[in-house]
Amino acid sequence: MLINPYKIKITIIGGAGHIGLPLGILFADKGVNVTLYDKNYYAVKKINNCQLPFMEDKGKELLKKNKKRIFATTNKNSISKSDIIIVCIGTPVKDNKPDLFYFFKLFKEIKNLLRPDQLLIIRSSIYPGTCKKIHQFLGKKFTNISYCPERVVQGKSISELPKLPQVISGISGRSIIASKTLFKLICKKIIITSILEAELIKLFSNAWRYINFSISNEFYMICENLGVDFNRLRKNMINGYERNKNIPTAGFAAGPCLYKDTTQLNAFLKKSFRLGSVSTKINQGLPNFIYKKLILKFKDQLKSMTIGILGLTFKSDIDDLRDSLALELLKLLKKHKLNVIFSDEYASLKKNVSKEKLISKSDIIIIGSPHTIYKKLIIPKNKYLVDIWSFFE
Ligand SMILES: NC(=O)c1ccc[n+]([C@@H]2O[C@H](COP(=O)([O-])OP(=O)(O)OC[C@H]3O[C@@H](n4cnc5c(N)ncnc54)[C@H](O)[C@@H]3O)[C@@H](O)[C@H]2O)c1
């Protein structure tokens with residue numbers, strides 16, 4: 001399958017999402033005609049008005065620049081008119097298991113629009129063995145199926161994708177060659193693997209990061225219990241000692257990728273992924289640890305105090321609340337009937353207060369998500385600050 005970027009048409013399914021949209025913009029920037037098919041009518045409308053439905057560095061400018069070659073729609077018929085179809089829809093977990101119901105439902109919905117001569121690329125993060133199942137579902141003739149996982153950091157796709165190596169795997173040699181030709185348009189380096197290896201590379205990459213964060217989170221909890229400042233200790237551990245330099249700060253390790261992919265891997269391994277189970281317990285346990293520490297410190301007084309959570313998104317400088325532990329902490333404090341307020345100008349939530357108001361009204365301030373814009377804030381000395389991230393040093 002030869003690819004001429006000026007002639008081929010691509011449809012990205014889930015094209016208005018965090019992964020589909022930047023990918024589409026980058027292909028359009030290389031001269032490819034891109035259709036973004038998505039069920040989200042509001043996001044589709046925004047994109048066609050050159051607006052982004054979420055925060056993505058440098059996305060808006062590049063979308064505007066390539067307006068002629070990129071079109072978003074809620075009509076799936078573009079699939080049958082395309083040479084290449086890339087699937088980027090979400091693959092959530094539910095009750096600690098991957099919920100692939102909607103993923104397979106999509107294939108049922110589009111089966112009659114697919115042809116064996118098209119190239120079908122799966123880009124969503126999937127449970128190992130899913131590509132094989134899709135191949136079985138579509139039938140033997142459909143050998144042009146590839147799995148090309150996405151490994152960007154959310155919000156930075158436009159700058160990261162051209163720098164990251166792209167892992168490519170496929171059912172047939174033809175699908176691998178075609179996917180390689182396609183991704184060479186936007187990526188410098190291509191790595192070819194088997195499908196199972198690609199599925200594992202994707203999940204291991206996120207599980208590895210998640211486990212690393214859990215080590216710092218456990219160290220943080222140990223230090224807190226011993227009355228030691230982990231952030232100062234961490235700096236002294238690293239100071240002049242190269243072997244320790246990669247130890248991350250503590251913080252809410254969450255979001256739709258790290259936690260989710262570790263959970264997918266654990267479910268695939270029938271709960272025998274020991275490091276996965278332990279790291280999940282540590283990371284997900286952080287909100288409860290903070291709550292218990294507050295109870296221990298302030299006892300009955302806590303009920304009359306105001307707790308402010310500064311930043312609610314699952315990580316800094318984005319507007320995404322999916323699987324956010326800061327949000328979990330908010331729910332937990334509310335469940336215990338504590339007076340809690342929150343501020344996050346990126347996340348659209350009712351009852352949001354300004355960061356300035358949060359600081360003046362709260363007795364206790366917890367950094368939920370360390371947005372860069374908070375760097376200039378001054379937290380008065382009479383406020384009790386919970387800064388797991390070492391944000392304010
Ligand atoms: N967000 C990340 O940083 C990141 C990084 C690497 C991999 N991934 C993986 O990429 C996949 C997509 O993640 P995301 O963050 O972009 O999710 P997302 O929710 O932002 O985007 C998914 C999009 O798919 C659309 N959609 C869902 N079902 C559809 C259907 N049947 N037909 C058409 N459109 C449909 C949704 O409306 C949404 O716009 C997931 O598997 C995720 O694990 C995400």
Side-chain angles (χ1 to χ4, degrees), residues 11-26 35-48 51-57 59 72-79 82 85-94 98-111 113-114 121-128 130-131 134 147-161 164 166-167 198-199 201-210 253-265 267 313-324:
T11 287
I12 300 182
I13 305 179
H18 292 84
I19 291 308
L21 178 57
L23 183 70
I25 294 175
L26 282 172
T35 303
L36 307 167
Y37 162 58
D38 203 292
K39 285 195 161 169
N40 184 337
Y41 170 78
Y42 298 100
V44 162
K45 206 171 152 197
K46 268 194 156 180
I47 294 167
N48 287 335
Q51 301 288 322
L52 296 188
F54 45 80
M55 288 165 75
E56 178 66 46
D57 255 17
T73 177
T74 53
N75 183 342
K76 60 177 180 266
N77 286 340
S78 66
I79 293 171
S82 293
I85 293 102
I86 308 180
V87 178
C88 295
I89 71 166
T91 43
V93 288
K94 199 173 154 191
D99 180 6
L100 289 171
F101 175 80
Y102 291 101
F103 198 71
F104 283 104
K105 188 168 172 266
L106 167 76
F107 284 94
K108 283 180 196 150
E109 282 167 11
I110 64 169
K111 190 174 180 182
L113 300 169
L114 294 173
I121 298 178
I122 312 294
R123 193 146 178 85
S124 304
S125 304
I126 45 167
Y127 186 79
T130 307
C131 279
I134 292 164
Y147 177 55
C148 306
E150 175 67 86
R151 292 192 294 168
V152 292
V153 153
Q154 190 166 316
K156 305 272 180 215
S157 297
I158 303 284
S159 48
E160 271 204 349
L161 263 172
L164 295 182
Q166 178 60 52
V167 173
E199 289 170 336
I201 285 173
K202 170 64 201 165
L203 298 187
F204 281 4
S205 300
N206 277 344
W208 184 86
R209 267 168 69 72
Y210 193 66
C257 283
L258 302 189
Y259 158 71
K260 188 194 83 177
D261 287 351
T262 308
T263 305
Q264 293 211 81
L265 192 55
T313 56
F314 82 78
K315 63 171 189 159
S316 63
D317 302 331
I318 57 163
D319 52 3
D320 196 344
L321 290 164
R322 290 179 296 172
D323 293 324
S324 159

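Just follow the structure's listing: the first ligand is 1, and inside any ligand the first atom is 1.
Shown here are the salt bridge (Lys or Arg N to Asp or Glu O under 4.0 Å) partners of K202, two or more places apart in sequence or in another chain: D261. With sequence neighbours excluded, the residues satisfying ring pair (Phe, Tyr, Trp, His ring centres under 6.0 Å) with F107 are F103. Contacts of K76 classified as side-chain hydrogen bond (donor to acceptor under 3.5 Å, both in side chains), with partners at least two apart in sequence or in another chain: none.
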Within the protein, flag every N or O under 3.5 Å from an N or O of ligand 1, and note the pair and distance.
unit_1: ligand 1; atom_1: 1 (N); unit_2: Q154; atom_2: OE1; d: 2.8
unit_1: ligand 1; atom_1: 3 (O); unit_2: Q154; atom_2: OE1; d: 3.4
unit_1: ligand 1; atom_1: 15 (O); unit_2: R322; atom_2: NH1; d: 3.3
unit_1: ligand 1; atom_1: 15 (O); unit_2: R322; atom_2: NH2; d: 2.9
unit_1: ligand 1; atom_1: 16 (O); unit_2: H18; atom_2: N; d: 3.1
unit_1: ligand 1; atom_1: 16 (O); unit_2: I19; atom_2: N; d: 2.9
unit_1: ligand 1; atom_1: 17 (O); unit_2: R322; atom_2: NH1; d: 3.2
unit_1: ligand 1; atom_1: 19 (O); unit_2: R322; atom_2: NH1; d: 3.3
unit_1: ligand 1; atom_1: 20 (O); unit_2: H18; atom_2: N; d: 3.0
unit_1: ligand 1; atom_1: 20 (O); unit_2: H18; atom_2: ND1; d: 2.5
unit_1: ligand 1; atom_1: 34 (N); unit_2: K39; atom_2: N; d: 3.3
unit_1: ligand 1; atom_1: 37 (O); unit_2: D38; atom_2: OD1; d: 2.6
unit_1: ligand 1; atom_1: 39 (O); unit_2: D38; atom_2: OD1; d: 3.2
unit_1: ligand 1; atom_1: 39 (O); unit_2: D38; atom_2: OD2; d: 2.7
unit_1: ligand 1; atom_1: 41 (O); unit_2: T91; atom_2: OG1; d: 2.5
unit_1: ligand 1; atom_1: 41 (O); unit_2: S125; atom_2: N; d: 2.9
unit_1: ligand 1; atom_1: 43 (O); unit_2: S125; atom_2: OG; d: 3.3
unit_1: ligand 1; atom_1: 43 (O); unit_2: K260; atom_2: NZ; d: 2.4

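Within 6.0 Å of the OH atom in Y41, the count of heavy atoms belonging to other residues, nucleotides or ligands does not exceed 12.
Between F54 and H18, the two ring planes are parallel [angle under 30°; tilted spans 30° to 60°].
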Original post:
Passes side chain to side chain donor-acceptor pair (under 3.5 Å), T11 versus S78? Steps please.
Top reply: CA-CA 7 Å; T11 287; S78 66; 3.2 Å; yes

